[in-house]
Each structure stands twice: as C-alpha cells, then as structure tokens.
Protein chains: 2
Amino acid sequence: MDAKTYYLELRAKVFKALGHPSRLKMIESLFEGERCVCELQEIVGSDISTVSKHLTILKEAGIIADDRRGVKIYYTLQMQCVAGFVGCLNDFLGKRLQEQIVAHEEVKASSGG
Amino acid sequence: MDAKTYYLELRAKVFKALGHPSRLKMIESLFEGERCVCELQEIVGSDISTVSKHLTILKEAGIIADDRRGVKIYYTLQMQCVAGFVGCLNDFLGKRLQEQIVAHEEVKASSGG
DNA sequence: TTCTTTTTTGGCATAATAGCCAAATAATAG
DNA sequence: CTATTATTTGGCTATTATGCCAAAAAAGAA
C-alpha cells in the first residue's frame with residue numbers, strides 16, 4: 001500500500017471511530033475533561049466490556065489517550081479539533097432542521113388556506 | 001426515541017458516512033468543486049454502482065447535494081466545515097507521525113551505541 | 001420510437017461490527 | 001496470600017456494511 005492510501009485510511013479511521021452514537025457521546029463528554037471507564041459506562045449505559053471495546057477503537061484512531069491511576073483508568077481527549085467540528089456540525093444540522101420545519105409549515109399554509 | 005438521542009444519531013451518521021476511504025476520498029475531491037458520478041468513479045476506481053451507493057450515504061447524512069444537468073448528476077459539498085476539520089486532522093496526524101519517527105530514531109540511537 | 005449515455009436499484013455473497021456474558025488481568029488493601 | 005475493584009480480552013451470535021453484477025430508470029439525440 002502506498003503512503004497516500006495509508007494516510008487516507010488513517011483519516012477515515014478517525015471518522016469511523018466517531019461514527020457510532022455511544023462513542024460520539026463518550027467523546028463529547030470528554031470535551032469537558034477526563035473520565036474513567038466506569039463514568040463513561042454510566043453515560044452510555046452499555047455493558048462495561050462494550051464500553052471498553054469502544055474506547056479501544058477511539059484510542060487506536062488516536063482520538064483519546066488513557067492514563068492509569070491506581071485501579072482506575074482515565075481517558076482524555078487528544079484530538080482537540082474534534083470539539084470544534086462537532087460544534088460546527090451542530091450549527092449546520094440545527095440550521096438544516098430549522099429550514100425543514102419552515103418548509104413544512106409553508107406546505108401546510110398553502111394547502112390548508 | 002427522544003430528541004437528544006435523535007440529534008446524537010444525526011451527528012454520528014455524518015461521521016459514519018465519512019468513515020470509509022472511498023467516501024472520504026470523494027469528499028476531499030469535492031473540496032475543489034463539483035464532480036459528476038463518472039468523475040468520482042475515476043477517482044476511487046470502484047464499480048459505478050458502488051460509487052453511487054456511497055454517494056447516497058453521503059447525501060443522506062447531509063454532507064453533499066446532487067444536481068442533475070441533462071444525463072449527468074453533479075455532486076457538491078454542502079457541509080463546508082468538513083474541509084476545515086480534515087485540514088486539522090491532517091496536521092494532527094502529521095505531527096503524531098513525526099513524533100513516532102523521532103521516538104523510533106531515539107530508540108535506535110540508544111540501543112545502537 | 002429507438003439508441004446511447006449516465007446513474008440508480010435489486011440481489012446476493014462475503015466481511016466487518018456490535019454487544020453480551022464469562023473469564024482473565026491489573027492494582028491495591030488487608 | 002486472599003479479597004476487592006476496575007478494566008480488558010475471548011468467544012459467540014445477530015446485525016450491518018461492502019462491492020460486484022445485472023437490470024431498471026432518466027434524460028437526450030436521431
């Protein structure tokens with residue numbers, strides 16, 4: 001495999017890792033600071049083994065890092081630009097949804113009156 | 001399903017759509033401007049039916065839009081902030097790779113003499 | 001209408017992912 | 001050492017994704 005393909009796959013791996021509701025939720029929680037696995041489990045509500053596997057995927061993509069302190073392992077966000085993009089994404093999706101609502105109301109107004 | 005979960009899934013859907021090398025490659029090509037399906041097929045090299053299905057996924061996530069002109073369909077990037085994030089991602093991955101190379105050379109230097 | 005070009009859709013085989021349980025591992029306390 | 005707590009790993013099944021081919025659809029030209 002050539003270098004270009006390798007880098008493309010590294011980038012895609014980051015998106016893929018974020019492309020699951022539980023993983024994205026955990027990452028968004030890490031925007032506010034570090035969390036241990038048990039805290040993240042409470043947030044997503046899955047089995048702890050499932051949470052652990054999700055965290056491995058995020059770590060292997062380079063998005064988070066782990067830090068063991070005693071018996072607990074704390075995860076932190078490494079890839080800070082994810083936070084900015086999620087903000088932009090929210091703006092975009094919010095606007096689009098607003099447009100859909102407006103368009104829907106226009107249809108109702110023209111058909112109803 | 002509640003609204004929060006729905007919005008979380010919309011965000012995750014965007015990441016998921018971008019989490020495939022061929023789809024990401026097509027999107028990165030759209031940073032430079034619109035492309036028809038046949039152009040995108042040349043870029044990724046898969047069967048045109050596969051490319052079409054990838055484009056459907058990107059469209060349903062709200063990332064791109066299509067515009068038919070005659071017999072051709074042109075796709076354009078709708079979610080501009082993707083470009084900024086991909087740039088940030090490249091910087092991040094580039095730096096991380098550089099650090100790994102430096103670390104590797106230090107290991108060689110200390111073990112070699 | 002028929003022919004051609006471009007794109008999408010249906011169907012199918014194969015591969016990858018998700019999530020649970022049970023078991024293993026890691027650190028610490030007693 | 002044993003017990004406890006936190007986390008990971010193995011193994012399994014069910015679901016989902018991928019990619020190709022063949023066929024359908026959509027637009028325009030002759």
Side-chain angles (χ1 to χ4, degrees), chain A residues 1 5 8-27 29-30 33-78, chain B residues 1 5 8-27 29-30 33-78:
Chain A
M1 196 212 293
T5 307
L8 175 67
E9 291 192 353
L10 281 185
R11 291 195 296 280
K13 195 172 178 181
V14 171
F15 283 111
K16 194 172 185 178
L18 295 166
H20 184 288
S22 298
R23 291 198 292 264
L24 188 54
K25 198 171 188 181
M26 292 192 281
I27 287 295
S29 153
L30 293 183
E34 63 173 24
R35 300 267 187 279
C36 67
V37 182
C38 51
E39 287 172 317
L40 293 166
Q41 194 215 343
E42 287 215 340
I43 289 165
V44 303
S46 310
D47 189 275
I48 192 141
S49 69
T50 302
V51 171
S52 177
K53 282 176 184 174
H54 281 318
L55 288 167
T56 301
I57 290 167
L58 290 165
K59 197 172 87 173
E60 286 189 347
I63 302 164
I64 59 176
D66 58 346
D67 175 29
R68 169 158 250 164
R69 295 208 291 280
V71 80
K72 288 190 177 177
I73 299 178
Y74 290 88
Y75 280 89
T76 49
L77 184 70
Q78 293 292 294
Chain B
M1 195 212 296
T5 308
L8 175 67
E9 290 192 354
L10 282 185
R11 290 195 296 282
K13 194 173 178 179
V14 171
F15 283 111
K16 194 172 186 176
L18 294 166
H20 184 288
S22 297
R23 292 197 291 264
L24 188 54
K25 197 171 189 181
M26 292 193 281
I27 288 295
S29 153
L30 294 182
E34 64 173 24
R35 300 268 188 276
C36 67
V37 182
C38 52
E39 287 172 316
L40 293 166
Q41 193 215 345
E42 287 215 341
I43 289 165
V44 304
S46 310
D47 189 276
I48 192 142
S49 69
T50 301
V51 172
S52 177
K53 282 176 182 172
H54 281 316
L55 289 168
T56 301
I57 290 167
L58 289 165
K59 197 173 87 174
E60 287 189 346
I63 302 164
I64 59 176
D66 58 346
D67 174 29
R68 169 155 243 159
R69 295 208 292 279
V71 81
K72 288 190 178 176
I73 299 178
Y74 290 88
Y75 281 88
T76 49
L77 185 70
Q78 294 293 294

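Below, chains carry the letters A, B, ... as their sequence lines are ordered, and counting in each starts from 1.
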### Message
If you take any heavy atom closer than 4.0 Å to DNA chain D, which residues from residues 61-77 of chain B end up in contact?
### Response
Arg68(B), Gly70(B), Val71(B)
### Query
Among residues 52-59 of chain A, which residues get a heavy atom nearer than 4.0 Å to DNA chain D?
Ser52(A), Lys53(A)
### Query
Tell me: CD of Gln41(B) to C1' of dC21(D), nearest whole Å?
14 Å
### Query
Which part of the nucleic acid, if any, lies within reach of Thr50(B) when heavy atoms closer than 4.0 Å are counted: base, sugar-phosphate only, or nothing?
base
### Query
Roughly, in whole Å, what's the span from CD in Glu9(A) to P in dA16(C)?
12 Å
### Message
Base of dC20(D), side chain of Ser46(B) - is there a donor-acceptor contact under 3.5 Å?
### Response
no
### Message
Measure CZ/Arg35(A) against P/dT7(D) and give the value in whole Å, please.
### Response
14 Å
### Query
Rounded to the nearest 0.5 Å, what separation is found between the CG atom of Asp66(B) and the CG atom of Leu58(B)?
11.5 Å
### CZ-CD1 distance between Arg35(A) and Ile43(A), expressed to the nearest 0.5 angstrom
5.0 Å
### Task
Would you mind reading off the distance between Glu42(A) atom CD and dT7(D) atom C1', rounded to a whole angstrom?
15 Å
### Separation of atom CG in Leu24(A) from atom C1' in dA18(C), rounded to whole Å
16 Å
## Note on the structure
Interatomic distance, CD1@Ile73(A) vs CG@Asp67(A), rounded to 0.5 Å, equals 9.0 Å
### Task
Round to a whole Å and report the spacing from CD of Glu60(B) to P of dA17(D).
11 Å
### Message
What is the distance, to the nearest angstrom, from the CD1 atom on Ile48(B) to the P atom on dA23(D)?
### Response
18 Å
### Query
What's the closest nucleotide to the Asp47(B) side chain, out of dG19(C), dT16(D), dC21(D)?
dC21(D)
### Task
Using whole Å, report how far NZ of Lys16(A) lies from C1' of dA16(C).
7 Å
#### Entry: Glu60(B) CD to Lys13(B) NZ distance, which is reported to the nearest 0.5 Å
5.5 Å
### Message
Of the listed nucleotides (dG19(C), dT7(C), dT18(D)), which one gets closest to any side-chain atom of Val37(B)?
### Response
dT7(C)
### Task
With sequence neighbours excluded, give me every ring pair (Phe, Tyr, Trp, His ring centres under 6.0 Å) pair touching residues 57-76 of chain B.
none
### Summary
Rounding to 0.5 Å, atoms CD (Glu42(B)) and CD1 (Ile48(B)) come to a distance of 9.5 Å
### Query
How many angstroms lie between atom CG of Leu30(A) and atom CD1 of Ile64(A), to the nearest 0.5 angstrom?
6.5 Å
#### Entry: Least distance between heavy atoms, Leu24(A) atom then Ala12(B) atom
CD2-N, 3.5 Å
### Task
Flag yes if more than 12 heavy atoms outside Glu9(A) fall under 6.0 Å of its CD atom; otherwise flag no.
yes
#### Entry: Strand partner of dG28(D), provided both Watson-Crick or wobble distances fall under 3.5 Å
dC3(C)
